[in-house]
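Both counts, for ligands and for their atoms, begin at 1 and track the order of listing.
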Amino acid sequence: MGTTNKELAVRSDQVFIGTYTRYPAAMVKGAGCRLTDAEGKEYLDFLAGIAVCGLGHCHPAVTAAICEQASKLVHVSNLYYTEPQTELAELLTAHCFADKVFLANSGAEANEAAIKLARICSGEDRYEVISLAGSFHGRTLATIAATGQAKFQKGFEPMPEGFAHAPFGDLVALKSMITDQTCAILCEPLQGEGGVRPLDLAYLQGLRRLCDKYNLLLIFDEIQTGMGRTGTLFAHEQMGVTPDIMTLAKALGNGLPIGALLTTKRIAAAFAPGTHASTFGGNPVAAAAAVATMKVMLADGFLAEVREKGNYLHAQLQTLVARFPTLALNARGLGLIQGLLLTEAGVQQGGAIVNRMFAKGCLINFAGGVALRFVPPLIVSCEEIDQMIGLLAEVLAEVAGEI
Ligand SMILES: *Cc1c(COP(=O)(O)O)cnc(C)c1O
């Protein structure tokens with residue numbers, strides 16, 4: 001017998017700083033939308049490592065690219081050129097508004113780079129970034145300052161200066177906050193951690209107009225919404241709004257740690273040699289994984305299927321809203337990032353619903369204290385969606401019967 005879930009949990013809890021509340025499973029392998037734990041129990045994964053494994057676990061094309069690159073060259077730093085990172089930047093710029101790329105290792109680092117770029121690009125006396133209530137931008141000091149949820153800042157004060165938060169979806173309020181110090185507006189086109197909360201098109205278009213009028217940079221944090229998640233490679237493509245800077249991470253490397261900042265030639269020129277850097281950023285193995293991931297996503301029909309399956313998941317969630325009105329208020333989302341917004345009574349049971357799903361072998365989570373979040377691998381099948389919905393219907397029936 002190998003290590004049990006319990007044994008590994010005990011060993012881990014002894015040596016790790018307690019920053020995570022974990023489910024009692026030690027995952028040992030994955031394939032597609034399935035994970036297997038140390039005791040052989042299988043899970044249907046509708047979380048995908050928090051919207052990371054867009055192509056599912058151990059996609060053969062990505063695994064092959066990682067193995068091949070790892071056998072040739074793993075790391076040299078950015079003092080030298082390597083082809084995988086160049087190919088990745090070429091692919092990214094060929095498929096969006098940007099001409100220039102900076103590669104980092106995570107979402108928070110990509111946002112840090114974006115905040116630094118916005119400041120250095122705007123001159124000394126313009127440094128303030130306005131972001132939105134309910135947003136999530138990362139866990140570094142600057143990115144928790146940008147994050148519009150007090151719980152992430154609590155205990156870590158004083159916050160770095162130069163951040164302000166506008167109420168969600170209120171353009172007039174945001175406009176009134178713009179000052180001579182403002183340099184950028186930062187937002188997610190659809191808030192993920194905040195509870196799968198979309199911003200409407202008129203609002204996003206209004207942000208673009210405000211940025212143009214007041215000479216501000218519009219930064220879209222597409223760390224969660226990017227890489228096909230919403231049914232287009234980037235969510236903003238569907239909104240008729242082009243940002244000046246976009247940040248990516250999560251699904252970019254299908255599980256290898258990599259983040260990116262993308263922007264135009266003009267804005268990128270503010271970052272000169274020595275102004276910003278990363279030892280690991282654009283690491284050849286992570287970059288090779290990202291190249292392989294992008295090639296699969298860009299193949300004919302892939303994104304159209306994401307849209308179709310997203311619509312199917314959304315429709316199935318709506319049927320649960322109709323069946324369980326005491327628990328569920330509404331389904332919302334775009335493509336394969338969907339949320340089931342819970343009623344007040346439902347919110348009280350949010351954690352319990354996720355735990356019961358876990359016990360039945362299905363992974364989902366509860367986001368922003370308001371919605372169940374479904375971010376399966378983009379390769380999920382309609383049969384797997386039906387399985388998840390079946391399990392969720394069982395759980396909601398159990399919970400509804402008890403309250
Ligand atoms: C996850 C996430 C981040 C932070 O990414 P890390 O890789 O955890 O640093 C930032 N913004 C959004 C929208 C995210 O979903």
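- Ring geometry, Phe271 versus His276: the interplanar angle falls under 30°, so the pair is classed parallel (tilted spans 30 to 60°).
- Taking Glu188 as the reference, nothing meets the side chain to side chain donor-acceptor pair (under 3.5 Å) condition, with sequence neighbours excluded.
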What side-chain donor-acceptor pairs closer than 3.5 Å can you find for residues 163-170, not counting sequence neighbours?
| unit_1 | atom_1 | unit_2 | atom_2 | d |
| --- | --- | --- | --- | --- |
| His165 | NE2 | Ala145 | O | 2.9 |
| His165 | NE2 | Ala146 | O | 3.1 |
| His165 | NE2 | Thr147 | O | 3.2 |
| Asp170 | OD1 | Val172 | N | 3.2 |
| Asp170 | OD1 | Ala173 | N | 2.9 |

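- Evaluation of the salt bridge (Lys or Arg N to Asp or Glu O under 4.0 Å) rule for Glu68 yields Lys72 as partners, not counting sequence neighbours.
- Using a 4.0 Å heavy-atom criterion, the residues that approach ligand 1 are Ser106, Gly107, Ala108, Asn111, Phe136, His137, Gly138, Glu188, Asp221, Ile223, Gln224, Lys250.
- By the 30° and 60° cut-offs, the orientation of the rings of Phe374 relative to Phe46 is perpendicular.
- Not less than 6.0 angstrom separates the ring centroid of Phe220 from the ring centroid of Phe234.
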